[in-house]
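Counting starts at 1 for both ligands and their atoms, following the listed order.
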Amino acid sequence: MTNQFLDLAVPQIAELTPYVPGKPVAELERELGISGSIKLASNENPLGCGEAARAAYVAAAAELGRYPDGGGFALRRAIASHHGVELEQVTLGNGSNDVLDLVARVFLQPGRESVFSEYAFAVYPIATMAVGARARVAPAQHFGQDLEAMAALVNERTGVVWIANPNNPTGTWLAAEPLRAFLSALPRHCMAVVDEAYFEYVDEADYPDTTRWLKAFPNLIVTRTFAKIHGLAALRVGYGLSHPHAAELMNRVRQPFNVNAPAQAAAAAALADLEHVERSRAHNRLEMARLKAGLDDLGLDSIPSVGNFLTLDLGQPVGPIDQALLREGVICRPVANYGLSRHLRISIGLAEENDRLLAALARVLDQMNASGAG
Ligand code: PMP
């Protein structure tokens, strides 16, 4: 059914398809009348948050009648000191998605363009098109971002280049040298966003921490989140680090209370809880290896991933397999909206969840093969 207000909306809204989130457990269980389901669909930390963050959140409940600190001073100070940058370089967001939106609102408009890769994170086109700018998509190479192809699309209309390192949903990553060369060659009128939502999971030796490059590249904006390794996805907190002048512009359009008070408190505590980060990283490393081995046993290929998720190539349209997994109470993430119709993204869960996924997948593939043969 066409939307009766579509002709009243600004034209770019007609082009937009909404972001498809992972299905919540409660919704699936209601639909199918089942219980005990598991969700491996949103790249969350299966260990949740650390104790310190939880305690800070609970303590903040004493002040729910008060507005948050609109400047987010304590959290920004903690973030600045964590990264060795100035407070004025930090922009807080309601999740890092919010920061991506702030970037688009400041640096894009109708007549301008943004550049990103095929298979790159779905929020880049949404943020771009929501402000009426044009999305230019460079073909990927082996599912990864092809920096040369992206550079070829940069022109005088380009306001922003979006780079996910590592990328979701592919889990692919870019090494320091090619990325540095790309940023060096980028014209100064074009902002480069390096989205490091999964930064803490990456173990590769030549994976760059681009927060160290902010001095060298004044047009660089690095985004990070508390939703992944810090286990605070529900609270929605992320941030951008940039030149103070870019941050000042983003803070002009930022809603003053975009990050709520319990979220600010929990995020500051999470940042200091290095043990929880290390525990989460170790868990991911171990379970990623186990999951990969289990998938190998099933004869399933995945895109090599450095994040907290794996994207499988099922070699066939993923819909029926995804539906069968849902009936088994296992929620994964189809990524057909990215143009990956044979792929299924699986977030690394707890050991028992990963075991359940592997067992369910084995059963479902057996059933498919049996019905295919019969
Ligand atoms: N960037 C990437 C690459 C992501 O995968 C995500 C989460 N899906 C985000 C940014 C946004 O995370 P959040 O808004 O929860 O900080």
Side-chain angles (χ1 to χ4, degrees), residues 18-24 39-46 48-49 53 72 75 79 90-104 114 116-128 130 140 143-145 160-174 179 192-202 207 210-211 221-241 250 254-255 258-260 263-264 266-267 270-271 284 303 305-311 331-335 337-338 340 343 345-348:
Y19 182 81
V20 187
K23 197 185 262 288
K39 181 183 175 200
L40 301 173
S42 298
N43 299 347
E44 295 145 341
N45 182 343
C49 70
L75 177 56
I79 291 168
V90 183
T91 305
L92 294 183
N94 193 265
S96 56
N97 277 346
D98 189 29
V99 181
L100 304 178
D101 241 359
L102 297 178
V103 171
S114 86
F116 52 90
S117 172
E118 183 184 20
Y119 312 136
F121 183 45
V123 167
Y124 309 154
I126 295 176
T128 299
F143 298 107
Q145 297 157 101
V160 178
V161 174
W162 310 99
I163 298 161
N165 201 25
N167 183 44
N168 166 28
T170 55
T172 55
W173 62 286
L174 294 162
L179 185 53
V193 173
V194 179
D195 173 349
E196 296 182 343
Y198 302 93
F199 175 86
E200 298 85 352
Y201 289 107
V202 185
Y207 172 70
T210 61
T211 64
I221 300 171
V222 184
T223 59
R224 297 277 182 101
T225 183
F226 288 95
K228 304 300 174 187
I229 208 152
H230 295 292
L232 293 172
L235 293 188
R236 313 302 302 125
V237 202
Y239 56 97
L241 300 180
M250 293 195 282
R254 185 181 64 84
Q255 293 292 328
N258 64 334
V259 181
N260 70 68
Q264 289 187 29
L271 200 59
N284 191 66
I303 303 172
S305 166
V306 295
N308 64 344
F309 56 90
L310 265 180
T311 297
I331 310 176
C332 300
R333 185 71 151 271
V335 284
N337 55 322
Y338 285 90
L340 294 166
H343 288 79
R345 197 192 67 194
I346 296 169
S347 307
I348 309 297

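Between Tyr239 and Phe226, the angle of the ring planes lies from 30° to 60°, which puts this pair in the tilted group. Using bins of under 30°, 30° to 60° and over 60° for the plane-to-plane angle, the ring pair Phe143/Tyr119 lands in the tilted bin.
Among protein heavy atoms, atom 6 (C) of ligand 1 sits closest to Phe121 CZ, 3.3 Å. Nearest protein heavy-atom neighbour of atom 12 (O) of ligand 1: Ser96 OG, 3.4 Å. The single protein non-hydrogen atom nearest to atom 16 (O) of ligand 1 is Thr225 OG1, 2.5 Å, given as residue, atom name and distance. Looking only at protein heavy atoms, the nearest one to atom 15 (O) of ligand 1 is Arg236 NH1, 2.7 Å.
The distance from ligand 1 to the heavy atoms of Ala227 drops below 4.0 Å at these ligand atoms: 15 (O). Of all atoms in ligand 1, listed by their number and element, those nearer than 4.0 Å to a heavy atom of Asn168 are 3 (C), 4 (C), 5 (O), 8 (N). For ligand 1, the atoms closer than 4.0 angstrom to any heavy atom of Ala197 are 1 (N), 2 (C), 10 (C).
For a threshold of 3.5 Å applied to N or O pairs, the pair formed by Asn43 and ligand 1 contains no separation below that value. Ligand 1 has a nitrogen or oxygen under 3.5 angstrom from a nitrogen or oxygen of Asn97. The shortest N or O to N or O distance between Asn94 and ligand 1 is not below 3.5 Å.
For an aromatic pair to be called close, the ring centres must be under 6.0 Å apart, and Phe121 with Phe116 fails this.
Interatomic distance, Glu200 CD to Asn284 CG, rounded to the nearest 0.5 Å: 11.0 Å. For the atom pair Thr225 OG1 and Arg236 CZ, the distance stands at 6.5 Å (nearest 0.5 Å).
Remark: the Tyr19 side chain and the Asn97 side chain contain no N/O donor-acceptor pair separated by less than 3.5 Å. Counting only N and O atoms by type, the side chains of Ser96 and Thr223 include no donor and acceptor under 3.5 Å apart. Remark: the Arg345 side chain and the Asn168 side chain contain an N/O donor-acceptor pair separated by less than 3.5 Å.
Taking a 4.0 Å cut-off on heavy atoms, Tyr198 registers as neighbouring ligand 1. In this structure, Asp195 counts as a contact residue of ligand 1, since one of its heavy atoms falls inside 4.0 Å of the ligand.
Among Arg224, Glu44, Lys228, the residue whose heavy atom lies closest to atom 7 (C) of ligand 1 is Lys228.
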Starting from the C-alpha separation in whole Å, work towards a yes-or-no answer on side-chain contact (heavy atoms from CB on, under 4.5 Å) for His230 and Asn45.
CA-CA 7 Å; His230 295 292; Asn45 182 343; over 6 Å; no
